[in-house]
Asks: 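One structure, pasted below without further comment.
Along the sequence shown, residues carry numbers from 1. Just so you know, these numbers use all the heavy atoms, side chains as well, and skip hydrogens, waters and symmetry mates.
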Amino acid sequence: MKIIIVILKRIILSVLILYGYNLIATKFNLVIPINLITISSVGILGFPILFVFVLLKVLLF
């Protein structure tokens, strides 16, 4: 039961981080979609993966 609570906290925190970033990034047209891949990667790898997504967005698009 404790593991499920920890996983749910990580998922909720990941969604909030991505949503907060997207609120700021709309001005610069660097929005990262909130989907299963981005939520799970931010949940597992943490906040630094957000910078990797931004870097990929800038370099590829």
Asks: Please report the interatomic distance CD1(Ile4) to CE(Met1), rounded to the nearest 0.5 Å.
Replies: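 Rounded to the nearest 0.5 Å, the CD1-CE separation comes to 6.0 Å.
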
Asks: If I take atom CG from residue Leu18 and atom CG from residue Leu13, how far apart are they, to the nearest 0.5 angstrom?
Replies: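 It comes to 9.5 Å.
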
Asks: Taking atom CD1 of Ile17 and atom CD1 of Ile49, what is their separation to the nearest 0.5 Å?
Replies: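 The CD1 atom of Ile17 sits 12.0 Å away from the CD1 atom of Ile49.
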
Asks: Suppose we screen for side-chain hydrogen bond (donor to acceptor under 3.5 Å, both in side chains). Which residues come up paired with Asn35, at least two apart in sequence or across chains?
Replies: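 Asn35: side-chain hydrogen bond (donor to acceptor under 3.5 Å, both in side chains) contacts with Thr38.
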
Asks: By ring-ring contact (aromatic ring centres under 6.0 Å, His included), which residues pair with Phe51, not counting sequence neighbours?
Replies: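 With neighbours one apart ignored, the set is Phe47.
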
Asks: When hydrophobic residues are tied together by side-chain contacts of less than 4.5 Å, even through go-betweens, does Leu45 share a cluster with Phe53?
Replies: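 In one cluster with Leu45: Phe53, yes.
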
Asks: Going hydrophobic residue to hydrophobic residue with side-chain gaps under 4.5 angstrom, can you get from Leu50 over to Val58?
Replies: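 In one cluster: yes.
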
Asks: Show the nearest heavy-atom pair for residues Asn22 and Ile32, with the distance to one decimal.
Replies: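 Taking Asn22 first and Ile32 second, the nearest heavy atoms are ND2-O, 2.7 Å.
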
Asks: Quick test of your reading: applying ring-ring contact (aromatic ring centres under 6.0 Å, His included), list the pairs with at least one residue in residues 4-42, sequence neighbours left out, ordered by first then second residue.
Replies: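 Residue pairs passing ring-ring contact (aromatic ring centres under 6.0 Å, His included), neighbours aside: none found.
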
Asks: Determine, using the 4.5 Å side-chain heavy-atom cutoff (strictly less than), whether Leu16 and Val31 are members of one ILVMFWY cluster.
Replies: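 No, Leu16 does not connect to Val31 through the hydrophobic network.
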
Asks: In Å, rounded to the nearest 0.5 Å, how long is the span from CD1 of Ile11 to CD1 of Ile44?
Replies: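 Nearest 0.5 Å value for the CD1-CD1 distance: 9.5 Å.
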
Asks: To the nearest 0.5 Å, how far apart are CZ in Phe61 and CG in Asn29?
Replies: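 The CZ atom of Phe61 sits 12.0 Å away from the CG atom of Asn29.
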
Asks: For Leu30 and Lys57, which heavy atoms make the closest approach, and how far apart are they?
Replies: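 Looking at all heavy atoms of both residues, the closest pair is CD2-CG, 4.0 Å.
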
Asks: Return yes when atom CD1 of Ile37 has more than 12 non-hydrogen atoms of other residues, nucleotides or ligands closer than 6.0 Å, and no otherwise.
Replies: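 It does not: Ile37 CD1 has 12 such atoms or fewer within range.
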
Asks: Quick check: are there more than 12 heavy atoms from other residues, nucleotides or ligands sitting under 6.0 Å from CD1 of Ile3?
Replies: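 No, CD1 of Ile3 has 12 or fewer neighbouring heavy atoms, counting only those of other groups under 6.0 Å.
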
